[in-house]
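Heads up: the structure comes next, in structure tokens.
Just follow the structure's listing: the first ligand is 1, and inside any ligand the first atom is 1. Counting begins at 1 with the first residue of the sequence. What you see is a predicted model; the values in this text were computed from it and never measured.
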Amino acid sequence: MDHKTKPQNRSSRFPGFYKLDLVQRHEKLDEWCRLTTDEKWTLKKETLTAELADVMIENAIGVFSLPIGIAVNFQINSKDYIVPMVIEESSVVAAASNAARLIRENGYLTAKSSDPIMISQIQIVDSKNPQTGKAKILERKDDLIRLANQQDPTLIDIGGGARDLDVRIIDTPSGEMIIVHLYVDTRDAMGANVVNTMAETLGPIVAEIAEGEVICQIVSNLADRRTVNVHFVIENLDCLARAGYSGEDAARRIVKAYHFADADPYRAATHNKGVMNGIDGLIIATGNDWRAVEAGVHAYAARDGRYRSISKYYLDDNNHLHGEMEIPMPVGIVGGVTNIHPGVKILLKFMGIKSGTELAEVAASAGLVQNFAAVWTLATEGIQKGHMTLHARNVAIFAGAFGELAIKVANQMAHEGRVKYDRAKQIIKLLLLKEEEENKKNDT
Ligand code: MEV
């Protein structure tokens, strides 16, 4: 699709969204996607009841809440999105919204996903002859795929199913093992359940063919056949000028910050954490398994034998800044919690998502945009200035301030550059004393 064409009928540019109160934000969301009365109600109250929690997990004792924010301004493949994020860390939603605005106004963002192919693994040990075992399994490949597909006729009806199978032999301290990979198109589901069922059906048969013993039969979270490529370009570097650095200087510093992350695993872990800041909140908001996504992204970042930056930054001959990333993204919009949790349905509606692959593209885009926001800040004004203002508010609330008072305490701590619980307590005391004295004066 040509990224410059805009077949757009609604815009995710929500200027001043952050200045609205909760009720006004709900009204804006209603304008964006017409909420039903039920949906408005669900949005206002705690969406997951203790009764529902009790059927979701064992030994449930209740539910635990986290904030839901909406990152605005996203335009991906010329389509506008708003991105719900369930996250406790202040500054992530604002940083993502700001960077998404910068990219749409000064360049573009595209994302492309592969087919939703999950890998299921079968481990065979103590085969009499692993090489012969491997050959025999491959001879029976078509039968095995057919058998796998008999496990889920619905998946076949909607165009998914097992597509291929291959076999590796690996060397381990327990001797050679035959590892079978079954590749399954899980369509709009994350698919762990269906591929686990298929693996458990094939496991004993494969063990018999290879004259060995089956141990593990389970999905691989290194979903490297289910990836998204995301790419943005900033054509006008002036927009990156910040903290006394020109746009061009800022861009060069961004590229150098990326080189650091790519060369040093200590930095790569933090850099990639910044990517996951943009992804995890959306994965949680859509009822998907964020541990699976985390595991896959970090394993993929180490796929050449060393843990590296998962994203890339470079300047081209036209002096345009490019950000790129390829990551596994095993997420779905049907099955599991997505069908049960009332909040998830609304959040998916906000996004206007039509398929699991579209959700994967938005998630990867949010990760890259968030990473760009963090690296741009690190490479220019440093992270603490912005972080501290928001962190100061949390510290002020923790120390007992609320409402207007919390904002005053936070502003003073940020101004002093001393964001500490004890200092917040002192400022609260001083401000309350001052208020009391003023009240007395007014009374007399
Ligand atoms: C903080 O949650 C994330 C960052 O540390 C990411 C980074 O260092 O790139 C700011």
Write down the atom of Asp80, the atom of Gln75, and the distance for their closest heavy-atom approach.
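Minimum heavy-atom separation between Asp80 and Gln75: OD1-NE2, 2.7 Å.
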
Counting heavy atoms only, which of Asn277, Asn272, Val275 is nearest atom 3 (C) of ligand 1?
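Selected option, by shortest heavy-atom distance: Asn277.
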
Taking non-hydrogen atoms only, is Asn371 closer than 4.0 angstrom to ligand 1 via side chain, backbone, both or neither?
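No part of Asn371 is near ligand 1 at this cut-off.
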
For ligand 1, the portion of Gln370 having any non-hydrogen atom under 4.0 Å away
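Answer for Gln370: neither.
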
Lys28 charged N/C atom sitting above Phe14 aromatic ring, 6.0 Å / 45°:
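Relative to the ring axis of Phe14, which defines the angle, Lys28 lies inside both limits.
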
Identify, for [atom], the protein heavy atom at the shortest distance, and state residue, atom and that distance.
atom	answer
atom 8 (O) of ligand 1	Arg267 NH1, 2.8 Å
atom 10 (C) of ligand 1	Ile383 CD1, 3.7 Å
atom 5 (O) of ligand 1	Thr270 CG2, 3.5 Å

Going by the atom numbers of ligand 1, which of them fall below 4.0 Å from some non-hydrogen atom of [X]?
X	answer
Glu89	1 (C), 2 (O)
Lys273	1 (C), 2 (O)
His271	9 (O)

Look at the aromatic rings of Tyr421 and Phe398 and report parallel, tilted or perpendicular, splitting at 30° and 60°.
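The arrangement is tilted - the two ring planes meet at 30° to 60°.
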
Parallel, tilted or perpendicular: which one describes the rings of Phe372 and Trp376, with boundaries at 30° and 60°?
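Plane angle under 30°, so parallel.
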
Determine whether Val195 and Ile119 make a side-chain contact, defined as any pair of heavy atoms from C-beta on separated by less than 4.5 Å.
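They are not in contact (no side-chain heavy atoms under 4.5 Å apart), so the answer is no.
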
Any donor and acceptor pair, going by atom type alone, linking the side chain of Asn288 with main-chain N or O of Gly332 inside 3.5 Å?
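Such a contact is found between Asn288 side chain and Gly332 backbone.
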
Would you call Asp304-Arg306 a salt bridge at under 4.0 Å N-O?
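No salt bridge links Asp304 with Arg306.
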
